[in-house]
Amino acid sequence: MADAGPRHPLHALPLESGAVCIEGSPWIWQLLHQCVENAWEYWSVIVGLVSIACFLFAALPQLYVAHTNGRVDQALSLGFLLCWLGGDFTNLIGCYLTNQLPLQIITAIFYVNMDIIMISQFSYYKLKNDRLKGNGSLKGVCISWVVISITLSIILPSQLLLKNHDKNIDVEVSQKTLGITEMSGFICGYVSSVFYLGSRFPQLHKNFHRKSTEGTSYLLFALAMLGNCTYGMSLLLKLPAVRHLKSQYIMHHLPWLIGSFGVLILDFFMTAQFIIYRKKDRNKTKDLFAIEVEPLLVDEKEI
């Protein structure tokens, strides 16, 4: 577990069940194998768990909207989904290589899992609407793919946590130089931040080109905003009080801070599009309703 800030040493004894954290929070240690021994670290974990919850449920409103109208391929940009997946995947690799907090690794796995589900749904409706395959076989492939991704999202966190626990490593950035592996992890972290920042532009362009956000759930972006905000806050809450350690801590987590707060800013522009185009979407719906109702009224007058 990487942490550049000053903290009490990890009190551990070589018991049969592994190391233990005597002065830390028991439930956090059992759940995340992270020894939390002060209030700042405790609230960092709590806020981080809120971030996980936000991203875990962020895709559900969009999945429901897409299932309802069946036109997700017209509403969402494929570039948006692929960049999001690219960012989450490189973020996962970067977190693992740089021995980031277990909470960050678990969060990254959840991100990848939800991305795969959204891309699977996008592909299903794209192929269905284009009539390139039979619906039965296509649905079976998508369901199988989603089941596999969910299974991996359950297995991988436990395996990664067990591996980190067995190593029993507490890396102090101020006392270690970056090796090749850790440098590769930081490169992945910066690449992921580029993917994250770039993911919003295809969707912003698609909304602007359509002059509509119909078929897109705002809750997807609202929960993503809350998730990115709490994710960044969970890192800042562990910010050391000593100035030179503070700068080292920020540099160590900089890629993930850029990725979270940078996307948060771009999502404010996404929010503006939802506000601007909402009136146009409502007027469009009223016009369609009027077109459908008008012939019925004419027929009634003739009768």
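Note: hydrogens, waters and symmetry copies are ignored here, and every other heavy atom, side chains too, is used. In this chain, numbering begins with 1 at the start of the sequence shown.
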What are the two closest heavy atoms between [X] and [Y], and how far apart are they?
X: C54; Y: L223; result: CB-O, 3.6 Å
X: N228; Y: G259; result: OD1-O, 4.4 Å
X: V65; Y: S217; result: CG2-CB, 3.8 Å
X: M270; Y: F221; result: CE-CE2, 3.7 Å
X: A224; Y: A58; result: N-CB, 4.4 Å
X: A66; Y: Q121; result: CB-OE1, 3.2 Å

Sub-4.5 Å side-chain heavy-atom contact between Y277 and K211: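 Yes; the side chains approach each other to less than 4.5 Å.
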Side-chain heavy-atom pair Q248, M251 within 4.5 angstrom cut-off: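 No, side chains not in contact.
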Not counting sequence neighbours, which residues clear side-chain hydrogen bond (donor to acceptor under 3.5 Å, both in side chains) with [X]? List them please.
X: S25; result: W27
X: Q62; result: none
X: N91; result: W256

Inter-residue atom distance [X].[atom1] - [Y].[atom2], 0.5 Å rounding:
X: Q203; Y: L220; atom1: CD; atom2: CG; answer: 8.5 Å
X: F269; Y: F201; atom1: CZ; atom2: CZ; answer: 8.5 Å
X: R278; Y: T213; atom1: CZ; atom2: OG1; answer: 7.5 Å
X: Q74; Y: N69; atom1: CD; atom2: CG; answer: 8.5 Å
X: K206; Y: T216; atom1: NZ; atom2: OG1; answer: 9.0 Å
X: S247; Y: H252; atom1: OG; atom2: NE2; answer: 13.0 Å

All pairs passing side-chain hydrogen bond (donor to acceptor under 3.5 Å, both in side chains) where residues 184-198 contributes a residue, at least two apart: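 Every pair satisfying side-chain hydrogen bond (donor to acceptor under 3.5 Å, both in side chains) with a residue in residues 184-198: D88-Y196.
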Audit row: I258, L197, side-chain contact (heavy atoms from CB on, under 4.5 Å) steps and yes/no: CA-CA 9 Å; I258 294 175; L197 294 174; 4.2 Å; yes
Please list, one pair per line, the donor and acceptor atoms closer than 3.5 Å that link side chains of residues 78-85 to other protein atoms, with sequence neighbours excluded.
none

Aromatic contact, H253 with Y249 (centres under 6.0 Å):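 Yes: the rings meet the under 6.0 Å criterion.
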Derivation and outcome, side-chain contact (heavy atoms from CB on, under 4.5 Å), residues L63 and L60: CA-CA 5 Å; L63 292 173; L60 297 182; 4.2 Å; yes
Residues in side chain to side chain contact (heavy atoms under 4.5 Å, CB included) with [X], at least two apart?
X: D73; value: F122, Y125, K126, N129
X: T271; value: Y218, M225, I275
X: T230; value: V47, V50, S51, L226

Give every residue pair that meets the salt bridge (Lys or Arg N to Asp or Glu O under 4.0 Å) criterion with at least one member in [range], sequence neighbours excluded.
range: residues 249-266; result: none
range: residues 251-272; result: R200-D267
range: residues 44-60; result: none
range: residues 105-121; result: none

K238 side chain vs L235 backbone, donor-acceptor pair below 3.5 Å: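 Here the side-chain-to-backbone pair does not exist.
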Flag, side chain of S44 to backbone of W40, donor-acceptor distance under 3.5 Å: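 No, S44 side chain to W40 backbone: no donor-acceptor pair under 3.5 Å.
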Criterion side-chain contact (heavy atoms from CB on, under 4.5 Å) on E41 and V45, from CA distance to verdict: CA-CA 6 Å; E41 292 182 349; V45 173; 5.8 Å; no
I'd like to know if [Y] and [X] are part of one continuous hydrophobic network [Ile/Leu/Val/Met/Phe/Trp/Tyr, side-chain heavy atoms within less than 4.5 Å].
X: V263; Y: L219; result: no
X: Y231; Y: V194; result: no
X: M233; Y: L236; result: yes
X: I116; Y: Y64; result: no

